[in-house]
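Chain identifiers are assigned alphabetically (A, B, ...) following the order of the sequence lines, protein sequences preceding nucleic acid strands; residue numbering begins at 1 within each chain.
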Amino acid sequence: MDAARRTKLEQTTRYEPAEIEARVFAEWIEGGYFHPEASGTPAENFSVAIPPPNVTGALHMGHALNGSMQDALVRMNRMRGRRALWILGTDHAGIATQAVVEKELRAEGRTRQELGREAFVERVWEWKEEYGSRIVEQYKRLGASCDYERERFTLDAGYVRAVHKVFKGLYDKGYIYRDNYMVNWDPGTRSAISDLEVENREVTDSLFAIDYPVEGTDRVLTVATVRPETMLADTAVAVNPDDERYADLVGSFCVLPLVGRRLPIIADAHVDPDFGTGALKITPGHDPNDFEIGRRHGLEEIVVIGPDGRINGEGGDFEGMTAAEAQGAVVAALRNAGALRGEEPYTHAVPFSHRSGERIEPLISLQWFCRMDELAAPAIEAVERDEVRIVPAQWKRVYLDWMREIRPWCVSRQLWWGHRIPVWYCGECDETIVAEVAPERCPACDGTNLVQEEDVLDTWFSSALWPFATLGWPDDTAELRAFYPTSFLTTAREILFLWVARMVMMGIEFPGDVPFRDVYVHSVIQARDGRRMSKSLGTGIDPLEEIDERGADALRFGLLAMSSTQDVRYSDAKVEQGADLANKLYNASRLILLNAAEVEPAPRPARVEDRWILSRLERTIGSVTAKLETFDFAHAVQECYAFVYHDLCDWYLEIVKPRLYEGEEDVSATLLYALERVLALLHPTMPFVTEELWSYHPTRDGHLVVHAFPVAEESLLDPGAEADVAAEIALTRSLRAWRDLVGVAAKAVLPAAVDGVAPSEFVGRLARFAFDGEGAEPVAAVGPVRVLASADLDAAAVEARLGRRREELAAEIERAERKLSNDGFVAKAPAAVVEEERGKLERYRTELAELG
RNA sequence: GGGCGCGUAGCUCAGUGGGAGAGCGCUCGCUUCACACGCGAGAGGUCGCUGGUUCGAAACCAGCCGUGCCCACCA
């Protein structure tokens with residue numbers, strides 16, 4: 001260490017992350033440590049594909065948690081000498097990105113329609129070039145060791161090839177098809193969306209009862225509906241086949257009020273005879289159930305609400321009204337006509353678009369679908385056979401249950417920003433051509449009048465290819481050979497189906513192997529008040545602000561510490577604990593680095609306390625490593641904290657200070673050895689402070705980021721030393737507590753004597769007792785220590801303390817005796833447990849007897 | 001309607017059969033030559049309720065109460 005750096009370390013008594021993080025990160029990038037060579041096999045290497053953040057996004061706490069976990073494992077494996085690749089990139093996020101640019105246009109008083117498709121898409125690309133890298137820069141602030149040289153985008157040229165190849169592959173197998181079918185229409189984005197993008201919310205609507213007269217009789221069928229406006233598209237009335245009330249009517253007709261259409265009365269088991277009157281109006285064009293019933297009975301499918309959410313020409317007088325307006329008008333008309341039988345409030349689950357927040361309008365439209373059964377089958381097996389392991393285990397079942405019930409996926413979206421579906425229609429012969437690149441001529445009629453499909457693909461269609469498309473698939477690249485399948489995936493459970501399941505299916509179908517071996521489903525960090533963290537609720541906490549305030553290491557520690565298997569509220573205290581640990585490490589390192597003799601770091605135990613700390617250190621290394629490997633990040637970092645604070649700083653450093661100041665070589669070597677291993681052990685979770693401190697370490701031969709990760713050295717485990725020192729620590733604490741309780745001045749050194757073997761030197765020093773006391777009267781006993789009378793002791797306080805101790809012992813003795821006098825306990829409990837209880841009782845009795 | 005969680009110290013959370021733990025907060029003491037964003041000591045809990053299993057339950061089982069999430073085509 002040169003003089004200038006030494007002075008800096010001497011004078012800076014606090015760890016200041018802001019000063020250090022940017023510089024350290026730049027060193028890592030310069031070193032190229034995050035850009036592994038593409039060679040070797042996936043089994044030798046370690047790779048992770050980041051869940052690609054939306055290109056419109058800003059780093060939020062979910063990313064920060066997810067990133068902290070991935071980085072911990074990537075760094076640990078990199079330190080183990082494996083080629084560690086963390087694939088980074090962003091998702092084009094069709095709807096979100098289109099919305100951002102449309103908003104920009106609106107501010108200029110323009111619309112995308114005015115601009116036209118080509119110019120609009122170009123405009124989105126310009127937006128992406130300017131703002132799209134923001135979130136990538138934010139990941140750097142976290143210290144994420146992604147390969148920033150291999151950044152990908154789900155719409156870049158190579159990715160487009162992968163998407164087209166997959167689409168054509170699925171089409172050629174007959175999985176992808178085009179059909180007129182009931183879809184979730186989102187009037188907000190004016191696009192179809194998939195079932196997974198719909199969220200059901202509880203809504204209180206009015207349930208209307210409407211009389212439908214039965215043709216040729218004076219009877220009416222009263223139907224119940226929350227959507228009277230859809231009656232304009234009714235094509236039947238259904239009753240349950242077993243419902244005797246209506247058995248005679250099945251086969252005859254109703255007359256639709258306001259419209260006059262004749263509606264057949266049909267029987268279908270879907271109808272619940274106990275709901276309402278047991279008669280159900282059937283609107284195949286606007287209700288998913290009715291659609292199914294309609295197809296079963298061959299009913300006409302009338303569409304009365306258009307893609308704009310307004311009543312179309314089929315709606316007669318109501319044409320042009322929004323669905324909500326039409327509801328009021330229809331109800332008024334029914335009331336006038338005397339057909340409205342009743343109205344009551346009704347609470348039920350209603351589908352809303354996850355994207356636009358608008359109420360879903362189920363309607364029939366021509367869309368592209370992907371049949372999932374064949375793709376799901378091997379993806380189910382892979383998880384059943386643990387070729388993909390999902391942890392915590394309960395999510396395995398959730399995945400399997402969903403996969404076994406999987407339904408066709410509507411993959412087309414009526415947007416402009418996204419992967420335009422690689423389908424061309426021939427204007428001359430009506431041929432449909434699916435191709436990986438735009439065809440010039442129709443293969444059927446040789447015509448050149450080819451028009452490409454207007455729709456784009458669901459963003460999740462391209463996301464599903466992420467782990468292999470980013471590695472160069474469909475080409476047989478070095479990256480793909482070296483890093484696919486990836487090692488593991490961390491994810492929030494909300495995208496288990498949307499993304500994870502689809503990656504498994506596509507990975508098996510296309511590159512031919514599962515995309516990752518382990519999936520860790522992490523918990524959700526909620527806002528401080530327990531609500532969801534959300535930008536729209538204003539409950540979000542900005543990770544960048546937290547990094548500014550407390551440092552990236554503190555945030556990473558805090559997030560890992562607070563995240564266990566269940567959802568938790570964001571805890572400022574945990575982040576502060578991380579900041580405290582960084583500061584503690586910094587100061588402990590200063591103590592060691594500025595005072596150690598110039599020796600080679602090595603375990604050189606000279607006393608029992610040295611064997612103790614080495615054993616504790618190696619035990620901690622083994623334990624923390626095991627926890628990281630099983631994704632138990634919370635306990636891993638808490639254990640690091642406990643070791644650094646309690647074992648290392650509270651005890652060992654205090655114990656060895658005199659030897660360290662004297663320049664003793666054994667303890668210097670041991671401390672430097674321990675420091676090296678502690679810094680390496682903590683580097684995956686707290687990379688900045690550990691890298692910075694490592695730069696002062698005398699044996700540093702390069703950056704810590706590629707230094708060897710410690711492997712627990714079993715020969716240094718020493719249970720005997722651990723037990724001996726633990727006992728001396730306990731004695732020290734008892735002595736300190738005794739002093740405090742009898743009110744001895746903090747500085748006073750109390751004379752005492754010890755029966756039998758004298759404790760280690762540090763006990764007296766740290767508890768401020770002098771064990772060579774002679775002559776004076778013993779006034780109290782603390783374990784083997786006889787406290788001798790002295791001017792610093794207040795006799796009344798000592799006596800009071802003695803009294804309290806007797807009471808404590810009496811209570812303990814009673815507890816133990818009660819337990820041991822229970823015949824069931826003595827007879828049935830394991831012998832060791834009974835023996836332990838007897839030992840305790842014996843010790844308590846002895847101590848009480850000695851106290852008199 | 002089905003499924004999965006959670007309810008432990010003032011707060012946020014660990015703890016899955018053998019004497020209740022952590023961090024923060026609180027109280028008391030300490031400017032001890034790494035750190036006062038520090039050190040030492042302490043107070044604080046009928047482990048949601050009721051039953052059951054067991055020699056022994058915070059933990060296992062059942063029911064109830066409270067609370068959160070996911071899935072679901074009864075208008």
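- In this structure, the side chain of T630(A) engages the main chain of K627(A) through a donor-acceptor pair within 3.5 Å.
- At the heavy-atom level, R528(A) lies nowhere under 4.0 Å from the strands shown.
- Picking from A22(B), G3(B), A72(B) the nucleotide with the shortest atom distance to the side chain of R407(A) gives A72(B).
- Picking from G18(B), C6(B), A75(B) the nucleotide with the shortest atom distance to the side chain of Q566(A) gives C6(B).
- Taking the side chain of V568(A) as heavy atoms from C-beta on, and the options G23(B), A14(B), C30(B), the nearest nucleotide is A14(B).
- Here Y570(A) lies out of heavy-atom contact (under 4.0 Å) with every strand.
- In terms of polar N and O atoms assigned as donor or acceptor, the side chain of D567(A) never comes within less than 3.5 Å of the base of G68(B) in a complementary pairing.
- Nucleic acid contact for P362(A): none, since no nucleic acid atom lies under 4.0 Å from a heavy atom of the residue.
- Between atom CD1 of residue I495(A) and atom CG of residue L196(A) there is a gap of 11.5 Å, rounded to the nearest 0.5 Å.
- Here D553(A) contributes atom CG and F688(A) contributes atom CZ; the two are 6.5 Å apart, rounded to the nearest 0.5 Å.
- Residue S564(A) has a polar side-chain atom (N or O) positioned under 4.0 Å from OP1 or OP2 of A14(B).
- Phosphate contact (OP1/OP2 of G23(B), side-chain N/O of K584(A), threshold under 4.0 Å): absent.
- When every heavy atom of W738(A) is checked against every heavy atom of A780(A), the shortest pair comes out as CZ2-CB, 3.5 Å.
- When each of C55(B), C74(B), A72(B) is scored by its nearest atom to the side-chain atoms of A829(A), the top-ranked nucleotide is C55(B).
- Distances were taken from every side-chain heavy atom of K828(A) (C-beta onward) to each of C55(B), G23(B), C39(B); the shortest belongs to C55(B).
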